[in-house]
Amino acid sequence: MSGADETRDGVALTNLDQTLFDGAGAAKRDLVDYLDAAADRIVPQLRGRPLSVVRVRPGQPPFMQKNLPRYTPDWVARVPIWAEASRREISYGLCDDRRTLLWFANQRAVEYHPTLATVDDLSRPTHLVLDLDPPDDGGFAAGVATALLVRQALTDAGLAGAVKTSGAKGVHVFVPIAPGPDAEQLAAATRALAARAERLDPALATTAFIREDRGGKVFVDPTRSGGATVVSVYSPRLRPGVPVSFPVPWADLESVTPADFTIRTAPELMADRDPWAELMPEPQQLPAELVEEGRSIPVPRVQAMHEGRRRARARRAAAD
């Protein structure tokens, strides 16, 4: 076995000295070493959740993999799920242990996107999530300011959440929910919280689903529910320097940048702790009034589809 190959936990690791991707400033070995160091923190976040990964192969563009490839070892846990959009069954991997994580790392899986629900009941997400997406020129600080609006909206509703960098320019707020509500109820509550955050500072935040309608504001995305995925805490991101989605105490949020957290710096920042577990509140009851409020707000994707059709008709009419 060459110096670029080795075996860990029964997984043959190959081509470890290859560049991970253009602009990474890291080799495949750096990815494997980071995920191995973070395994006992990231695996609990992935366990039992159908997993999509973003892989990057030498000389090829990155791609999102949902369906496990045919050559996947038998010991990798999996779950079949019917995909309505593609009208076929998808065999999703379940990253339930270190060995599986190392296998994914050897496949050059850089990003890890689990579902918000577990295989125990895929109709009931365990967390409510607000994904805050600054405009391209808005920067991380705008996302942070919007996260503080979301925190205020949560406080006003009697809820508490934990916050992490997305690993890109955005911020994710996670609210653990006590068992009971289904995906529709959580989706409605998420829409209500997004609308409340927007109302706190409409010059900064928007819930406009259509990008051209956002006017340079931070998009408070209320659509991370149901079958949606969100990049896992501690997951690397396929960006220059290989940043990591990392938990941040609310009090520190205004003093950090996404570049503070990379596959090189995150292990030392974690040390022997699990900051996400420490910062995450206990699961909370979902307020019924939030659900009812959210049900009066149109579902963004459906609303955007109808609006897109209306605008297309208007353009055709103008052309005629």
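Side chains included, hydrogens not; waters and symmetry mates left out as well; all remaining heavy atoms used. Heads up: numbering here begins at 1 and tracks the sequence.
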[X] bridged to [Y] by N-O distance under 4.0 Å:
| X | Y | answer |
| --- | --- | --- |
| R98 | D9 | yes |
| D17 | K28 | no |
| D30 | R264 | yes |
| D97 | R47 | no |

Measure across [X] and [Y] and return the closest heavy-atom pair with its distance rounded to 0.1 Å.
| X | Y | answer |
| --- | --- | --- |
| D96 | G48 | OD1-N, 2.9 Å |
| A189 | L286 | CB-CD1, 3.8 Å |
| L159 | V175 | CB-CG1, 4.5 Å |
| K164 | V231 | NZ-O, 2.9 Å |
| P222 | A194 | CB-CB, 3.8 Å |
| A105 | L35 | CB-CD1, 3.7 Å |

Around atom CG of D252, are there more than 12 heavy atoms from other residues, nucleotides or ligands closer than 6.0 Å?
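More than 12 heavy atoms, drawn from other residues, nucleotides or ligands, come within 6.0 Å of this atom.
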Is it the case that over 12 heavy atoms from other parts of the model lie below 6.0 angstrom from the CD atom of Q60?
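Buried by this count: over 12 neighbours within 6.0 Å.
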Cluster check L200, L132: I/L/V/M/F/W/Y, side chain < 4.5 angstrom:
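In one cluster with L200: L132, yes.
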Considering only Ile, Leu, Val, Met, Phe, Trp and Tyr, and joining two whenever side-chain heavy atoms are under 4.5 Å apart, list the other residues clustered with F63.
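None; F63 is a cluster of one.
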With clusters built from Ile, Leu, Val, Met, Phe, Trp and Tyr whose side-chain heavy atoms come within less than 4.5 Å, directly or transitively, what are the remaining members of the cluster of L94, listed by chain and number?
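Cluster partners of L94: V79, I81, I90, Y92, V119, L122.
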Salt bridge (Lys or Arg N to Asp or Glu O under 4.0 Å) between D131 and R224, worked out:
CA-CA 7 Å; D131 178 6; R224 302 293 182 161; 2.9 Å; yes
Does any non-hydrogen side-chain atom of [Y] lie less than 4.5 Å from one of [X]?
| X | Y | result |
| --- | --- | --- |
| L204 | V218 | yes |
| L68 | R78 | yes |
| F104 | L51 | yes |
| E184 | R295 | yes |
| Y112 | S52 | no |

Quick one: does W250's side chain have a donor or acceptor within less than 3.5 Å of a partner on G161's backbone?
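Yes.
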Salt bridge (Lys or Arg N to Asp or Glu O under 4.0 Å) for R199 and E293? Distances and angles first, verdict last.
CA-CA 14 Å; R199 287 198 297 271; E293 182 181 326; 3.5 Å; yes
Residues [X] and [Y]: side-chain donor-acceptor under 3.5 angstrom:
| X | Y | answer |
| --- | --- | --- |
| S225 | R191 | no |
| R29 | Q18 | no |
| T257 | D260 | yes |
| E278 | W276 | no |
| E111 | S235 | no |

Distance, nearest 0.5 Å, that separates CG of L193 from CG of L149
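Atom-to-atom, L193:CG and L149:CG are 12.5 Å apart.
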Apply salt bridge (Lys or Arg N to Asp or Glu O under 4.0 Å) to R8 and list each qualifying residue two or more places apart in sequence or on a separate chain.
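R8: salt bridge (Lys or Arg N to Asp or Glu O under 4.0 Å) contacts with E6, D33, D36.
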